[in-house]
Amino acid sequence: MPDAKGDNFAEQLPKHYIPADVEPRWLEAWLKEGSFRSEPNRAKKPYSIVIPPPNVTGILHMGHALNNTLQDILVRHARMRGFETLWMPGTDHAGIATQNVVERALAEEGLHRDTLGREEFVKRVWQWREKYGSTIVTQLKRLGCSCDWRRERFTMDEGLSRAVREVFVRLYNDGLVYRGRRLINWCVRCHTALSDDEIEHEEKQSSLWHVRYPVKGSKKILTVATTRPETMLGDTAVAVHPDDKRYADLVGAVVILPVMNRELPVIADAMVDPAFGSGVVKITPAHDPNDFEAGLRHDLEQITVIGPDGTMTEAAGKYAGLDRFRARKKLVEELDELGLLAKVEEHKNSVGQCYRCGQIVEPFLSEQWFVSMRPLADKAIQASKDGKIKFVPGRWERVYLSWLENVRDWCISRQIWWGHRIPVWHCGACGEMTVAVEDPTVCSKCGSDDIAQDPDVLDTWFSSALWPFSTFGWPEETPELDYYYPTSVLVTARDIIYFWVARMVMMGLHFMRDIPFPEVCINGTILDEFGARMSKSRENGIDPLVMIQGGKQRRFGKEFAYEAYGADAVRYTLCTLTTDGQDIKLSPTRFEMGRNFINKMWNASRFVLMRLSGVDQGTGPLALEDLDFADRWILSGLGKAIGEAGRQLSGYRFHEYAKTLYEFAWGDVCDWYLELVKPRFGGDSAAVPARVLTWVLDNLLRLLHPVTPFFSEEVWRLLAAVAPSRGLGVPEPAAPLLVRAPWPEADPSWADAKVEADMEQAMGVIRAIRNIRAKFNLSPKARLAVTVSAAEAGIRDALLPLVDMIKAQAGAESLDLGIDLGKPAQSAAEVMTGLQVYLPLAGLMDVDLERKRIEKEFDRKRDTLVRLNEKLRNHEFTSKAPPEVVRREEERKAELARQMGELEALRDSLAN
RNA sequence: GGGCGAUUAGCUCAGUUGGUUGGAGCGCUUGCCUUACAAGCAAGAGGCCGCCGGUUCGAGUCCAGCAUCGCCCACCA
């Protein structure tokens with residue numbers, strides 16, 4: 001660790017902040033000190049967050065960076081506020097995603113899971129996880145995430161697996177888990193069932209084929225419209241609307257299914273929309289959800305013509321063995337040749353695709369396990385309606401509710417190998433199912449030992465749904481579960497409101513009899529600089545690690561090199577961009593903003609450290625009278641900033657929090673206070689400004705810590721070397737580590753509206769002088785004689801004690817302050833609220849330029865005055881607007897008139 | 001088909017409960033290597049707040065409609 005000793009150590013500090021020299025060091029130190037550890041502690045209030053567990057296959061992307069930065073800000077803030085704070089980390093086994101990744105890796109070695117066998121394959125996945133599964137965890141640490149890493153969990157851990165089994169068995173016993181032969185979504189590539197939520201719908205241009213079905217024993221033809229002709233091979237009926245007069249006589253008749261020459265009954269069912277197509281629908285119970293239902297109503301046969309691998313089955317006759325899309329093409333050709341293709345229309349329809357591999361999914365009839373959602377969902381709806389769960393922004397509550405209100409039963413069985421095996425054993429002897437938490441050895445009914453465990457595994461989201469309590473040891477009644485549940489808030493992205501948030505609420509309410517979190521903070525989605533989602537195929541992603549550590553990155557077909565902005569800069573930038581859950585258009589250059597801010601803070605800190613070394617700050621309390629005007633002003637600002645920062649964080653207004661710090665730190669402290677304090681470090685007057693400066697920096701670091709933990713911790717350490725004890729009262733030793741230091745509190749006595757107003761006035765004068773300097777291109781070194789003419793005594797008196805300060809900041813040799821002082825000859829002027837500033841420019845002034853400037857100013861004010869006069873003459877306004885508004889406008893009018901008078905006089909004086 | 005979000009400076013975005021003269025960062029212009037910082041300092045230019053109505057003494061802000069873009073949902077044979 002770089003030395004922080006010796007009087008001039010601060011001068012040795014680099015002029016640019018170098019995150020790479022700082023961040024890894026603190027990472028290690030915090031972990032070594034156990035700074036993020038948490039234990040149940042009855043003496044303190046708990047604050048807990050469970051991390052949205054990233055997939056073990058995952059590598060950190062910008063969405064993670066944003067989501068986890070926000071969580072870390074909340075967690076660090078809570079920790080500093082004195083809560084017993086736990087951020088619970090972990091990863092998700094991500095069944096299908098991980099299986100796919102490992103299958104691809106095996107394919108590179110020429111291996112396939114089927115040749116390895118289930119046991120060996122699962123072993124390989126575990127090995128893969130051992131090797132690569134901690135990648136994202138390391139990356140989260142690098143980002144600065146202050147999780148209690150000792151407690152890291154994995155959804156396939158022993159404990160969590162136990163929770164999964166327990167939940168399954170209890171739900172089964174409650175009648176909320178059941179098995180059934182249903183039409184589910186089937187991915188022909190992943191070879192598994194999927195839940196409705198795992199399907200992504202995409203609108204595609206397709207065709208609507210009209211096919212002629214001859215009526216048996218008649219010359220009549222029924223024309224049927226379909227978007228999926230290949231499924232007609234599995235038709236078991238055609239249907240018309242019961243009230244459709246066109247076909248009333250045909251109900252009960254029989255049609256001949258083309259190609260297959262199967263006889264199909266014509267049935268009447270209200271599901272048919274007579275206005276669509278010909279008003280006749282083919283019924284394919286095994287390949288369409290509507291038809292499936294209709295098939296049940298009419299007791300129709302279910303013929304599966306498309307198999308699990310996406311090829312046609314034996315039931316498809318001569319099309320057996322053909323890929324489903326080839327079969328479609330050939331079948332359409334055959335129908336055309338037979339003269340049975342009435343017409344083909346353009347048609348848009350949405351096609352369901354697997355969210356993991358993108359393959360078009362098939363409705364597929366099979367035996368699956370389901371969770372009965374209605375009773376669980378109703379509780380989750382009630383929790384929200386009772387206000388027990390609040391969404392931020394609130395609009396997401398409706399999204400959550402509409403899903404719950406329309407939710408259908410959840411297909412939870414997956415025909416893959418990586419995941420929680422369903423705890424059900426089928427008896428070969430009697431067919432009974434034994435559902436048990438512990439592996440049984442014999443059938444629960446007949447006692448036979450000829451039992452085999454169900455081959456299916458559970459949907460990944462089944463175990464994720466238990467995350468807020470399974471991670472704390474449920475079903476055991478652990479101290480953690482008791483202490484940290486419910487958690488304090490959930491921070492996540494909107495695309496998993498259904499998958500995850502709603503299901504956690506359902507499971508939490510059912511098994512813990514309490515909500516898992518009272519608030520759900522939904523952060524925006526990170527998009528590229530053109531507003532597109534980041535994806536590998538678009539090559540538009542921005543790697544957070546590259547932004548943090550620097551390096552090369554391919555984007556849009558080109559390779560770019562980036563400097564190391566540092567984790568703090570990435571965090572700060574993301575924080576400022578987070579406004580009310582809006583999506584974020586991001587480009588790599590945005591991180592310069594965070595880098596610049598931290599660099600500015602670094603240099604301000606260097607300045608303070610350099611000034612402080614060797615200064616005796618004293619040991620007694622400072623009285624307000626001891627303080628300079630500038631000290632009073634910055635303390636007043638500090639108090640406001642502390643209040644603001646805390647309020648904004650409590651309301652999840654991350655952007656406002658960052659902005660508050662930016663304005664106070666860069667605007668007030670750097671641009672003004674540091675400049676004001678400089679002259680006071682010359683002689684022996686340094687004790688007071690040193691104390692205040694130390695205190696301001698101390699507080700600022702604490703305010704910054706949640707968002708820029710590394711930088712602030714580093715400066716905290718450096719500050720301790722020159723000012724181990726701090727405070728405006730009797731100085732007290734600072735906390736050894738900032739990460740555990742208390743969140744600042746504002747002393748109400750700091751607030752001083754008069755000081756702030758006077759400072760505002762003085763700043764105006766300083767800016768006016770600088771403005772004139774710039775306008776007339778005066779050398780920065782030119783020492784000027786300034787005249788400030790106040791309109792009234794109050795203004796003069798307020799400025800009187802600040803004359804030296806104004807002179808110093810504006811670079812004035814002299815400053816003549818008085819009431820209604822005339823304009824010195826050949827001077828430029830600035831007319832401001834309550835006063836004029838004059839600057840003599842003998843020989844330097846361009847009279848025409850100055851006249852134009854004055855006239856422009858005058859015209860602008862006149863226009864305003866005209867509008868203001870109209871407003872004030874309007875009786876509606878003066879009678880209806882609140883009196884203080886009217887009064888304010890009256891005052892404004894008077895001031896405007898005064899300023900116009902001054903401008904007029906100025907213009908006239910120019911003529912002379 | 002239903003719902004949600006967005007539309008404000010050249011770009012990316014803030015804008016609290018309606019109330020003086022609508023802000024920031026980047027970019028741009030001018031001048032500065034001023035002993036914390038050129039990743040900086042100082043000064044400045046740049047806005048019919050998407051369009052059209054309405055409510056109101058007063059609308060970027062509230063209401064209705066329209067347009068454009070984006071997202072989500074939906075059993076759209």
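Below, chains carry the letters A, B, ... as their sequence lines are ordered, and counting in each starts from 1.
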For [X], which contact category applies under a 4.0 Å heavy-atom criterion: base, sugar-phosphate, or nothing?
X        : value
A/Glu656 : sugar-phosphate
A/Glu675 : base
A/Asn874 : sugar-phosphate
A/Arg773 : nothing
A/Leu674 : base
A/His16  : base
A/Arg595 : base
A/Arg395 : sugar-phosphate
A/Arg860 : nothing
A/Lys600 : base
A/Lys678 : base
A/Phe597 : nothing
A/Trp209 : nothing

Rounded to the Å, how far apart are [X] [atom1] and [N] [atom2]?
X        : N     : atom1 : atom2 : value
A/Lys585 : B/C26 : NZ    : C1'   : 15 Å
A/Arg867 : B/C57 : CZ    : P     : 20 Å
A/Arg892 : B/U21 : CZ    : C1'   : 6 Å
A/Ile584 : B/G5  : CD1   : C1'   : 14 Å
A/Leu778 : B/U30 : CG    : P     : 18 Å
A/Asn771 : B/U30 : CG    : P     : 17 Å
A/Met610 : B/U35 : CE    : C1'   : 8 Å
A/Glu592 : B/G27 : CD    : C1'   : 12 Å

Contact letters for nucleotides 67-77 of chain B, in which S counts primed atoms plus P, OP1 and OP2 and B counts the base, heavy atoms under 4.0 Å: -----SS-BBB
Expressed as a whole number of Å, how far does the [atom1] atom of [N] sit from that of [M]?
N     : M     : atom1 : value
B/C26 : B/A45 : C1'   : 16 Å
B/U17 : B/C75 : P     : 37 Å
B/A6  : B/A14 : C1'   : 14 Å
B/G58 : B/G19 : C1'   : 7 Å
B/A64 : B/A77 : P     : 33 Å
B/U20 : B/G60 : C1'   : 16 Å
B/G18 : B/G10 : C1'   : 30 Å
B/C52 : B/U61 : P     : 13 Å

Of the listed nucleotides ([options]), which one gets closest to any side-chain atom of [X]?
X        : options             : value
A/Asn596 : B/C13, B/A39, B/A38 : B/A39
A/Arg767 : B/G25, B/A43, B/G3  : B/A43
A/Arg611 : B/A36, B/C37, B/A43 : B/A36
A/Arg888 : B/U30, B/G3, B/G19  : B/G19
A/Gln582 : B/A36, B/A14, B/G3  : B/A14

Test log, rule salt bridge (Lys or Arg N to Asp or Glu O under 4.0 Å), inputs A/Asp528 and A/Arg538: CA-CA 10 Å; A/Asp528 74 8; A/Arg538 288 195 183 92; over 6 Å; no
A/Ser605 or A/Met593, whichever maps to the more 5' nucleotide of RNA chain B: A/Met593
Nearest-nucleotide comparison on RNA chain B, the residue closer to the 5′ end among A/Glu889 and A/Gln648: A/Gln648
Where [X] and [Y] come nearest, the two heavy atoms and their spacing:
X        : Y        : value
A/Arg328 : A/Pro229 : CG-CG, 3.7 Å
A/Val707 : A/Arg571 : O-NE, 3.0 Å
A/Arg680 : A/Tyr673 : NH1-OH, 4.3 Å
A/Pro289 : A/Leu183 : N-CD2, 3.4 Å

Identified side-chain contact (heavy atoms from CB on, under 4.5 Å) partner of A/Val224 from the options A/Lys282, A/Met232, A/His210, A/Arg212: A/Lys282
side-chain contact (heavy atoms from CB on, under 4.5 Å) partner of A/Thr284, the single match among A/Asn290, A/Asp235, A/Thr236: A/Asp235
Dot-bracket encoding of pairs in RNA chain B, which uses [ ] for pseudoknotted crossings and | for another strand, Watson-Crick or G-U under 3.5 angstrom: (((((((..((((.....[...)))).(((((.......))))).....((.((..]....)).)))))))))....
Over 12 non-hydrogen atoms of neighbours within 6.0 angstrom of NZ in A/Lys807: yes
Mutual orientation of the aromatic rings belonging to A/His347 and A/Phe276 [parallel < 30°, tilted 30-60°, perpendicular > 60°]: perpendicular
Sidechain-backbone polar pair: A/Asn523 side chain, A/Gly581 backbone, donor-acceptor under 3.5 Å: no
Under 3.5 Å: donor-acceptor pair, side chain of A/Asp580, backbone of A/Gln582: no
N/O (side chain, A/Trp666) to phosphate O (OP1/OP2, B/A39) under 4.0 Å: no
Distance below 4.0 Å between A/Thr579 side-chain N/O and B/A14 OP1 or OP2: yes
Check: A/Phe364 ring centroid to A/Trp186 ring centroid under 6.0 Å: yes
Results of side-chain hydrogen bond (donor to acceptor under 3.5 Å, both in side chains) for A/Tyr652 - residues two or more places apart only: A/Glu519
